[in-house]
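The sequence lines fix the lettering, A, B, ..., with proteins before strands; numbering per chain opens at 1. Worth saying up front: this structure is predicted, and the values here are computed from it rather than measured.
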Amino acid sequence: MTENASNFLRTIISDDLKSGKHETIVTRFPPEPNGFLHIGHAKAICVNFGLAQEFQGQTNLRFDDTNPEKEEQAYIDAIEEDIRWLGFDWNGKVKFTSDYFDTLYEYALHLIKNGNAYVCDLSAEQMREYRGSLTEPGKNSPNRDRSVDENLELFEKMKNGEFDEGACSLRAKIDMASPNINLRDPIIYRIRKVHHHQTGDKWCIYPSYDFAHGQGDAQEGVTHSLCSLEFEDHRPLYEWFLNNLPVPSKPRQIEFARLNVNYTVTSKRKLKKLVDESVVAGWDDPRMPTIAGMRRRGVTPASIRKFIDMSGISRAVGTVVDLGMLDAAIRDDLNDNAPRAMAVLKPLKVVLTNLPEGHHEMVTQPEHPQKPELGEREIPFSREIYIDQEDFNEDSTLSKKKFKRLVPGDYVRLRGAYIIKAEEFSKDADGNVVEIKATIVEGSLGANVDGIKPRGVIHWVSVEHGVPATIRVYDRLFNHPTPDKGDNDFMDHINPDSLQIIEGCIVEPSLMMAEPEQSFQFEREGYFVADRYEHSPNHLVFNKTIGLRDVWERSV
RNA sequence: UGGUCCGUCGCCAAGUGGUAAGGCAACGGGUUUUGAUCCCGUCAUUCGCAGGUUCGAAUCCUGCCGGACCAGCCA
């Protein structure tokens, strides 16, 4: 994550610094506090904060709060938490576009005085008609040529609440025939008689995004205003305001492609529907592509950053990054950092008959096989152990190549302990194997034994010492790579088996010490995290973050 | 069919006139008390297509094809 592959944003910034256009750069992350952050926002965060960090600049967090009826304080808090969790911190205090409402109002007056803005009485519907279409020019508003004085007076009345919502609006006077619809006299102030979460009841007129954003950037000395491709058509307008207003600086807007990942959806509306219709348990359900959901799933901040870095930045539209790339980033981080442990998801009892009744001893295993500096842990071993049901097959003719686990009459290594040989097994009335009798090979603890070649290595937990746990296994939420593209209704492509709750798992006792949100690799199973909210020493609950890479499973 | 942008390996992505980086995936092989990790190797005579300019083009020009976005008093 330090190679810094070349991309057009890095090139622009580095050129601006070299040429002396800027001595230092300032970027900003401008979320609207009207929903939870998701993987797509993670890219915007990593790009804005990451680039600034790389070039020793600053990044402002500025809530773009120009539409109070959709926004809430709760979202502000959640967004701040998500950004911090991702590992970033902003420059100074949190900022709000509403911090500049006074200035923006002055700017509107400035435009009016210069004949660059007018109060328009057209209704929303009329305005749509006057706007024209993609192929036809629009028509001028009948109010377009009002005098400066009249506009000043009307705008004053708008501000004072003398008009109803929708009765009129303030528009920039640009060009109703422009091929760019954003330039056809866009609305810059509208009447909204609602309480604002930051400014209270001070205002009943609010600036539009287009009017507020660039001016907010200019107030803060933002040098590079990075946004997504859909704002490309707004850039001429962004620049028009900057050129017609006495702004303190001239930021540059640069667009880049947003992140799309397959097998998921990221639109706020769709995510909300999943929550509202109880397809998932909430915004932070581990199957959700939200930052909070991924966090709950056990995805680490480092792996998200790595993923964003891997997937790159470009202006190519309609690209879809393979979820497998996120998986790779997660495994990469967790493999390096997660301590190992043993957990049996579907227990099958094995009695070691050549060990005396009540026998038990401690065996030691490193916390991490490639990192001895992380220390060791002690694991109790005894005469009765559990192995996973899937690690035994009664068909002893299975080849060693095909099944590297326990079969009757053959040997297998118990990870960190002895080699054992399955002698016999018993079944219940339904034909399920319920118990295996096996023997340990003397001298095989921590050593190989001449002439005995175990088929493989399996994990285990002592019956007497094992601790029960609940383990939740997640699969992708959708069974279609692009659930909301084209004619697809994303609700038709929900994977009915995206959640499996396994009760009665038995895990090694050291896991009783696990803290919520601590990640482990359960050997041979995958990466798991102690649930952020429901895990406790009295009730162990782990969420499966992702399985180990498994070439064998694919060939079956 | 108006405007803007984009098309480089299955996926992402460098490259900006000098003869196709890298990552993910895949496929071989080695190490291994995790079928993991790690290591080694293979994987675009070709850059949406067709012409043109040039000693030389993925990079420049022309035309065509395909995709994305824009007609909220949303951001």
Looking across every strand, which nucleic acid part, if any, lies under 4.0 Å from [X] by heavy atom: base, sugar-phosphate, or nothing?
| X | value |
| --- | --- |
| A:Gly416 | base |
| A:Ala447 | base |
| A:Phe231 | base |
| A:Lys401 | base |
| A:Ile313 | sugar-phosphate |
| A:Ser178 | nothing |
| A:Lys268 | nothing |
| A:Gly456 | nothing |
| A:Gly446 | base |
| A:Ile308 | nothing |

What's the gap between [N] and [M] when it is taken at their [atom1] atoms, as a whole Å value?
| N | M | atom1 | answer |
| --- | --- | --- | --- |
| B:C24 | B:U33 | C1' | 30 Å |
| B:C9 | B:U4 | C1' | 29 Å |
| B:A71 | B:C47 | C1' | 36 Å |
| B:U46 | B:U31 | C1' | 37 Å |
| B:A20 | B:C43 | C1' | 14 Å |
| B:G48 | B:A14 | P | 14 Å |
| B:C49 | B:A57 | C1' | 16 Å |
| B:C61 | B:C6 | P | 13 Å |

In the structure shown, which nucleotide is the Watson-Crick or G-U wobble counterpart of [N], with both distances under 3.5 Å?
| N | answer |
| --- | --- |
| B:C73 | none |
| B:C47 | none |
| B:A21 | none |
| B:G28 | B:C40 |

Heavy-atom donor-acceptor pair, A:Arg524 side-chain to B:U34 base, under 3.5 Å: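 Such a pair does not exist between side chain and base.
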Distance-only polar pair, side chains of A:Arg258 and A:His41, donor-acceptor under 3.5 Å: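 Result is no, nothing qualifies.
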Polar contact flag, side-chain donor to acceptor under 3.5 angstrom, A:Arg252-A:Ser225: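 Short answer, no.
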Do the side chains of [X] and [Y] get close enough for a salt bridge, i.e. N-O under 4.0 angstrom?
| X | Y | result |
| --- | --- | --- |
| A:Lys306 | A:Asp332 | yes |
| A:Glu523 | A:Arg415 | yes |
| A:Lys346 | A:Asp388 | no |
| A:Glu220 | A:Arg62 | yes |

Rounded distance in Å - [atom1] ([X]) to [atom2] ([N]):
| X | N | atom1 | atom2 | answer |
| --- | --- | --- | --- | --- |
| A:Leu414 | B:U34 | CG | P | 13 Å |
| A:Leu237 | B:U4 | CG | P | 17 Å |
| A:Arg10 | B:U16 | CZ | C1' | 18 Å |
| A:Lys306 | B:C12 | NZ | C1' | 14 Å |
| A:Ile188 | B:A75 | CD1 | P | 13 Å |
| A:Glu525 | B:G35 | CD | C1' | 12 Å |
| A:Tyr411 | B:U33 | OH | P | 19 Å |
| A:Glu255 | B:A75 | CD | P | 18 Å |

A:Arg144 side chain reached by A:Arg171 side chain, heavy atoms, under 4.5 Å: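 No. Closest side-chain heavy atoms not under 4.5 Å.
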Heavy-atom check, side chain of A:Asp322 versus side chain of A:Asn262, under 4.5 Å: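 They are in side-chain contact.
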A:Glu72/A:Ile76 under side chain to side chain contact (heavy atoms under 4.5 Å, CB included): CA gap, chis, key distance, verdict: CA-CA 7 Å; A:Glu72 285 175 33; A:Ile76 292 174; over 6 Å; no
Would you list the protein and nucleotides 19-24 of chain B atom pairs, both N or O, that sit under 3.5 Å from each other?
none

Taking only N and O in the side chain of [X], is any of them less than 4.0 Å away from OP1 or OP2 of [N]?
| X | N | answer |
| --- | --- | --- |
| A:Arg192 | B:C74 | yes |
| A:Arg258 | B:A75 | no |
| A:Ser314 | B:A13 | yes |
| A:Arg315 | B:A13 | no |

Aromatic centroids of A:Phe36 and A:Tyr75 separated by under 6.0 Å: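 That pair passes the under 6.0 Å test.
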Validation row, ring centre A:Phe96 to ring centre A:Phe63 under 6.0 Å: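 Distance test on ring centres: under 6.0 Å, yes.
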Among B:A68, B:C73, B:U1, the nucleotide that comes nearest once only the side chain of A:Thr135 is considered: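 Ranking B:A68, B:C73, B:U1 by closest atom to the A:Thr135 side chain puts B:U1 first.
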Polar side-chain atom of A:Asn488 near backbone of A:Phe490 as donor-acceptor pair, under 3.5 Å: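 Side chain of A:Asn488 to backbone of A:Phe490: no pair is present.
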Anti/syn call for B:G72, syn if |chi| within 90°: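 Syn conformation for B:G72.
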Verdict with supporting geometry, A:Phe8 and A:Arg315, side chain to side chain contact (heavy atoms under 4.5 Å, CB included): CA-CA 9 Å; A:Phe8 77 104; A:Arg315 290 176 58 85; 3.5 Å; yes
Produce the list of close N/O pairs, under 3.5 Å, pairing protein atoms with atoms of nucleotides 36-38 of chain B; give distances to one decimal.
{"from": "B:A36", "atom 1": "N1", "to": "A:Gln370", "atom 2": "NE2", "distance (Å)": "3.4"}
{"from": "B:U37", "atom 1": "OP2", "to": "A:Arg549", "atom 2": "NH1", "distance (Å)": "3.2"}
{"from": "B:U37", "atom 1": "O2'", "to": "A:Asn335", "atom 2": "ND2", "distance (Å)": "2.8"}
{"from": "B:U37", "atom 1": "O2", "to": "A:Gln370", "atom 2": "NE2", "distance (Å)": "3.2"}

NZ/A:Lys272: more than 12 non-hydrogen atoms of other groups inside 6.0 Å: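 At most 12 heavy atoms, drawn from other residues, nucleotides or ligands, come within 6.0 Å of this atom.
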Most 5' of A:Ser311 and A:Gln365 on RNA chain B, judged by nearest nucleotide: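 So the residue in question is A:Ser311.
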Qualifying residue for ring pair (Phe, Tyr, Trp, His ring centres under 6.0 Å) with A:Tyr189, from A:Phe155, A:Trp203, A:Phe163, A:Tyr206: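 Answer to the ring pair (Phe, Tyr, Trp, His ring centres under 6.0 Å) test with A:Tyr189 among A:Phe155, A:Trp203, A:Phe163, A:Tyr206: A:Phe155.
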Distances for protein N or O near nucleotides 70-72 of chain B N or O, under 3.5 Å:
{"from": "B:A71", "atom 1": "O3'", "to": "A:Arg131", "atom 2": "NH2", "distance (Å)": "3.4"}
{"from": "B:A71", "atom 1": "O2'", "to": "A:Arg131", "atom 2": "NE", "distance (Å)": "3.1"}
{"from": "B:G72", "atom 1": "OP2", "to": "A:Arg131", "atom 2": "NH2", "distance (Å)": "2.8"}

Exercise: identify the closest heavy-atom pair between A:Met158 and A:Cys204: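 Minimum heavy-atom separation between A:Met158 and A:Cys204: O-SG, 3.4 Å.
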